Amino acid sequence: MAQLTFREAIARGIAQEMRRDESVVFLGEDIGAAGGVFKGTVGLLEEFGPVRVRDTPISEQAILGAAMGAAMTGLRPIAEIMFADFFAVCWDIVVNEIAKSRYMTNGQVSFPLVIRSGNAGGLRFGAQHSQSVENWAMMVPGLKVVVPSNALDVVGLMAASIRDNDPVIFLENKILYSVKTDVPEGDIVDTLGTAKVLRQGSDATIVTIGTMVGRSLSAAEELAAAGIDCTVVDVRSLVPLDTQTILREVAATGRLFTVEENPRLCGWGGELSSIVSEEIFFDLDGPITRITTPHIPLPAADSLEDMAIPSVERIVSTITKSMNA
Amino acid sequence: MAQLTFREAIARGIAQEMRRDESVVFLGEDIGAAGGVFKGTVGLLEEFGPVRVRDTPISEQAILGAAMGAAMTGLRPIAEIMFADFFAVCWDIVVNEIAKSRYMTNGQVSFPLVIRSGNAGGLRFGAQHSQSVENWAMMVPGLKVVVPSNALDVVGLMAASIRDNDPVIFLENKILYSVKTDVPEGDIVDTLGTAKVLRQGSDATIVTIGTMVGRSLSAAEELAAAGIDCTVVDVRSLVPLDTQTILREVAATGRLFTVEENPRLCGWGGELSSIVSEEIFFDLDGPITRITTPHIPLPAADSLEDMAIPSVERIVSTITKSMNA
Amino acid sequence: MTTTAVKSGPADIETKLSMYRMQVELRQFEQRAYDMFLENLVKGTSHLSLGQEAIATGFAMAMRPDDWTFATYRGHAHTLSRGVPMTPVLAELLGRSNGLMAGKGGSMHLTSVEHGMMGSYAIIGAHLPIACGAAWSAQYRGTEQVAVCFFGDGSTNIGAFHEALNFAAIWKLPVVFVCENNLWMEYTRTSEVTAVTHPAADRASAYGLESIIVDGNDADAVYDVAAAAIARARAGEGPSMIEAETYRHGGHSRADPGKYRPDSEVAEWLAKDPIPRYRSRLLEAGVSEAQLASIEAEVTAAVDLATEEAKAGGIPGEDLLMKDVWADGGSSWRN
Amino acid sequence: MTTTAVKSGPADIETKLSMYRMQVELRQFEQRAYDMFLENLVKGTSHLSLGQEAIATGFAMAMRPDDWTFATYRGHAHTLSRGVPMTPVLAELLGRSNGLMAGKGGSMHLTSVEHGMMGSYAIIGAHLPIACGAAWSAQYRGTEQVAVCFFGDGSTNIGAFHEALNFAAIWKLPVVFVCENNLWMEYTRTSEVTAVTHPAADRASAYGLESIIVDGNDADAVYDVAAAAIARARAGEGPSMIEAETYRHGGHSRADPGKYRPDSEVAEWLAKDPIPRYRSRLLEAGVSEAQLASIEAEVTAAVDLATEEAKAGGIPGEDLLMKDVWADGGSSWRN
Ligand SMILES: Cc1ncc(C[n+]2csc(CCOP(=O)(O)OP(=O)(O)O)c2C)c(N)n1
Ligand SMILES: Cc1ncc(C[n+]2csc(CCOP(=O)(O)OP(=O)(O)O)c2C)c(N)n1
Ligand SMILES: [Mg+2]
Ligand SMILES: [Mg+2]
């Protein structure tokens, strides 16, 4: 089985669907001739040509407006917003237009489109190029939100997102672009709204996403060595949310720890916490603990960024402390 | 004591501070000659003149950019974003620029500014003019977030926001504009980050904000009649958050209900729920229950909007059911 | 700059009569909507096109049925002009279940995809890039459809305007941008906050486009520029931007009496009311007073009927509330 | 359109020598930054101004110490040109605690308020409206300060550009917008995605402004247009926009070799390198080779020293992490 990097998986997933369906088109800044600033779209222009793979001006509102208008008239566009932080310059098109128009028109229009974007920190790019924005999207009714943690999931979830008839915000944690995973040959189509249990434990359940999946698994190994046996759930898609798997796995251990890269307030961890404490309160054996970035903008310096984003060490120590309290 | 409407209180609070401090200036669309589309700024142009009270083009990025640049060079601007939904067209200036620049520059600049905006639903304006965006702001490190529930608090919290040296998002729930409250003469200056306990009960604690404060108080009366005695806390400012009061009041009754107008996912209720279940888990006697708008865009028709936004009836029935479970 | 000569328009009198009928329909519909607003039957807000009927009419007549309209919150006229029946539009304003979107959208979001009415957008500027997207899709699929996108003078100062114009120009998209310049934003005069005299036309060159201004109170003149621009777009020659000069007779929205406008200005523009002007022109062309009066009476009857039908509509219920967030028809965010 | 004649600039040779020194400083600093990037000492990203030094220099020389600079992520040169010492700038790139912002901002956010360097902004377009705000504050307080705002050619297609230009024009703000047209966005040629030839100058008229283009590789020419525009702004005559034509010698950022650009184009522009050009001009004016060589050597020594000092800086610690979110110096969101 071939090893694919996360970035190669992006192009592979897009190409798979562009081959299958003429209505899939792709636009964004530097995605074509340059193959993407993160080299996630190398080869697409060459294979599909400049009519289907289009470089755009620095006009994020136009990019997403174009994607929206095309989606409501028969195409299945994929749009790139280079860094997820840039959603802030085109947020209106995402939240007020794309997310709401189906509902407002009583279902007259659909928006089969994917907006993919380089998300999250770890590359020392500073506060305006390092944000995790999955909670920005999750809070808006009408958006689906996918955050894959590895190349195999990227291919299958990308395909599922492109085939989905609703708008999907597809967030690619930039620090994962170079990470390799075994990916089988042939078409791969995954299912949105399905969490994966990556490790089964008996003492506590760690629920996480994206970059934090790898760190949580490492932490779980260390914790196991210290006698704390953790389940690790990779949520993969925040909307739709696989509450069945999450509630089952939390109920089974009686303890929930969320690990997220968001600043503290109003991250998805708070949402999961509230679902759990509303729906399976009496299955809980102790506090729900969230491990997050502190509620600060992300600093640029490597030393500072490493302190800010949850590390294996912080996951281990937080869980240890809480389990032994 | 004079009765003041919520909308009159806006102008009163701004005028109080503009009289005191020459560096306070005010800009926005239709705020001057027209006195604001919600008539919240009537009289300010007349009293302070067109140099301090300036009508702008429909250019929300320019409005907030101007406020930011002015704030970092010695003024204390107040900017109006007419409807809170329009934050989506200028979100970059709010979240990437205003919120982060103090931190990124290691404290070289401060942003003593207030962005006030007509927030939330109830006026049958449909999905693009009815959103509650307090969670949009709360999730961003570097922003303070104030949501007053009555005219008296408006005056004092407006003054406190203007005097504050940090950026404050001041959200005015539009449906409250016509509501009257007793407001004493003279200068009023309140304190950010202080919740108010409006009703003391023994069975459950309702934590809420804005429009939902009045509804929660009414619900508490009905619940009391049915033998469920509720504390009602008006949070007033989400950032800074008065966790002391909230935790104390929740611990005292052992039960937390949050009532919010946000769509379900990632609202501030989830954040409060997670703080409570992390910090005072063993003081809880039962599930934390959130009462929210469903996770849908807001419909326009009066019948539909009334079903969507939490009503006194829904608050009563949800709490009754949960307390009797 | 091109200023199209008046007394042109479609050659045949039948089409001209349809244009008259349409303008009268739009006028009477809006008047009725206003009356019903005052009766508190229209619950949210509403933005009328009274005085601006010639623009919607001239364009609708020049469009192919499968062309697309993108409008603002001031979209009643554009919706009706594409052939959407009055009853569902009025019912939508009343928040009834027989409304065009079953009450879920309201006055500001009228949409009827089957009529090519691709939506009314209530955030200033947003629909300009969206119209580009539809035009892109037509270009990609080779359907020769054209997107026509209407917006106001005040909307030319927002960022999305700029992005859309440049984007349409570089991709040579089949989209026609139409600025309905009624001189006012909400309560602020656009010229007070705009660096150029013609907020759209004076900026056309910034996108390599021709500067086109038309008398927006003359349906025939509008028809002519519309037909030309749409033909260019359909032929693959790219976008156009047209500034149509007009005036709204009433206030900005809801019950606004529009008192911030000088009486003389209002009077000047009432004298240029597109409907009496068009009426006189038809009389001059030999159409009988009786024929015009009968059109007017038919329209009144239609508006009356729509009023009754709209009022008879049901109150939307819980089934609608949780419907159609997603393409599967539902609203569930979880499994 | 105004095209300023070359061989002008400040009259006295002393100032010209300062301008030469400044350009050499910017050049050598950027070269050093690049070397250190390749050594993996610069951790995040960096965007160099190699080839564009004449613009920062011409403007900085024409500014008053209390005027304000607003720059993009490509802001090293603009920061240094305002008199910020090299050591803290270099240390910031290295993420050290002696960095200009103690490592918290990084290469893309250089700011030194005490030098009038009001920030480097990494979201395209955002700082144009922010510069308007500073200009508004100067106007309001009557300080006669001017804000100068630099941005790239690719940045002219984003909405904030449009909003800021109109806003500055209608309020007659003392702000000078400077488009450093280096022909390229990241890896896309700006002309391929822009509807006009001169992305800034061809749009000036859309804001009632004069179209001004200057040879951005000629520090004297830049100085002249800068001085004129700044004087206008200071005199209350409102904003200007200047398009300075230039080229970046290297890639867009980090280790990008810029291979997407035709060799001939790169060669053409290397031949127009502002520094040798300025050097020849000084020699022609009678400055001795030795004097120039000694300036160059002094700069090299200064860059070497800054390199050592920067490298010697400490690693920022936890105390800095949680500091200065709020004006009280802290980061607490709760009581
Ligand atoms: C982004 C945004 N800002 C402000 C508004 C509020 N608003 C609604 S209509 C309007 C005036 C628009 O004027 P114009 O474009 O001339 O259109 P007209 O109403 O005259 O048809 C304003 C400011 C809005 N809907 N969206
Ligand atoms: C809103 C936004 N979109 C995209 C980017 C990514 N980006 C950074 S620099 C750049 C190219 C800018 O080109 P130009 O304005 O010509 O400036 P230059 O880099 O040539 O100095 C792009 C697309 C960004 N930072 N912000
Ligand atoms: Mg108008
Ligand atoms: Mg450039």
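Just so it is clear, the model here is predicted, and its values are computed rather than measured. Proteins come first, then strands; the chains are lettered A, B, ... in the order of their sequence lines, and each starts at number 1.
Residues A/Tyr103 and B/Leu298 come closest through the heavy atom pair CE2-C, 4.3 Å. In terms of heavy atoms, A/Pro141 sits closest to B/Pro297 at CB-N, 3.8 Å. When every heavy atom of A/Trp268 is checked against every heavy atom of B/Cys266, the shortest pair comes out as CA-SG, 4.1 Å. B/Ala88 approaches A/Trp91 most closely through the heavy-atom pair O-CB, 3.6 Å. Here the closest heavy-atom approach between residue B/Gly270 and residue A/Ser274 is recorded as CA-CB, 3.8 Å.
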Requested in this report: Might you work through the side chain to side chain contact (heavy atoms under 4.5 Å, CB included) test for B/Arg290 and A/Glu271, ending with a clear yes or no?
Outcome: CA-CA 11 Å; B/Arg290 288 172 61 199; A/Glu271 182 58 43; 3.0 Å; yes
Requested in this report: Please report the C-alpha distance between A/Val95 and B/Trp136 in whole Å, then the side-chain angles of each, then the deciding distance to 0.1 Å, and finally whether the side chain to side chain contact (heavy atoms under 4.5 Å, CB included) criterion is met.
Outcome: CA-CA 11 Å; A/Val95 307; B/Trp136 297 23; 3.7 Å; yes
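With a 4.5 angstrom heavy-atom cutoff, B/Phe87 does not touch chain A via any of its atoms. Using a 4.5 Å cut-off between heavy atoms, B/Met138 touches chain A through backbone and side chain atoms alike. In this structure, chain A has no heavy atom under 4.5 Å from any part of B/Glu279. Neither the backbone nor the side chain of B/Leu256 comes within contact range of chain A, judged by heavy atoms closer than 4.5 Å. In this structure, chain B has no heavy atom under 4.5 Å from any part of A/Ile280. In this structure, no portion of A/Leu241 lies under 4.5 Å from any heavy atom of chain B. For B/Asp285, the part sitting under 4.5 Å from any heavy atom of chain A is the backbone (N, CA, C, O) and nothing else. Contacts of B/Leu238 with chain A are absent, with no heavy-atom separation under 4.5 Å from either backbone or side chain. B/Val140 touches chain A through its backbone: at least one of N, CA, C or O sits under 4.5 Å from a heavy atom, while the side chain does not.
If you tally non-hydrogen atom pairs under 4.5 Å between each of B/Gln61, B/Arg102, B/Met104 and chain A, the highest count goes to B/Met104. Of the listed residues (A/Ala300, A/Pro287, A/Pro294), the one with the most heavy-atom contacts under 4.5 Å to chain B is A/Pro287. By number of non-hydrogen pairs under 4.5 angstrom with chain A, the leading residue of B/Gly269, B/Ser322, B/Ala127 is B/Ala127. Between chain B and the options A/Gly286, A/Gly142, A/Ser101, A/Cys90, the largest number of non-hydrogen pairs under 4.5 Å is found for A/Gly286.
A donor-acceptor contact closer than 3.5 angstrom is absent between the side chains of A/Ser277 and B/Ser277.
Using a cut-off of 4.0 Å between Lys/Arg side-chain N and Asp/Glu carboxylate O, B/Glu278 and A/Arg264 are scored as salt-bridged.
Looking at A/Asn96, its side chain does come within 3.5 Å of a backbone N or O of B/Asp85 through a donor-acceptor pair.
Between atom CD1 of residue A/Ile288 and atom OG of residue B/Ser273 there is a gap of 6.5 Å, rounded to the nearest 0.5 Å. Here the CG atom belonging to A/Leu272 is positioned 9.5 Å from the CG atom belonging to B/Leu265, to the nearest 0.5 angstrom. In this structure, CD1 on A/Ile296 lies 11.0 Å from NZ on B/Lys100, to the nearest 0.5 angstrom.
Between B/Phe281 and A/Leu284 the shortest side-chain heavy-atom distance falls below 4.5 Å.
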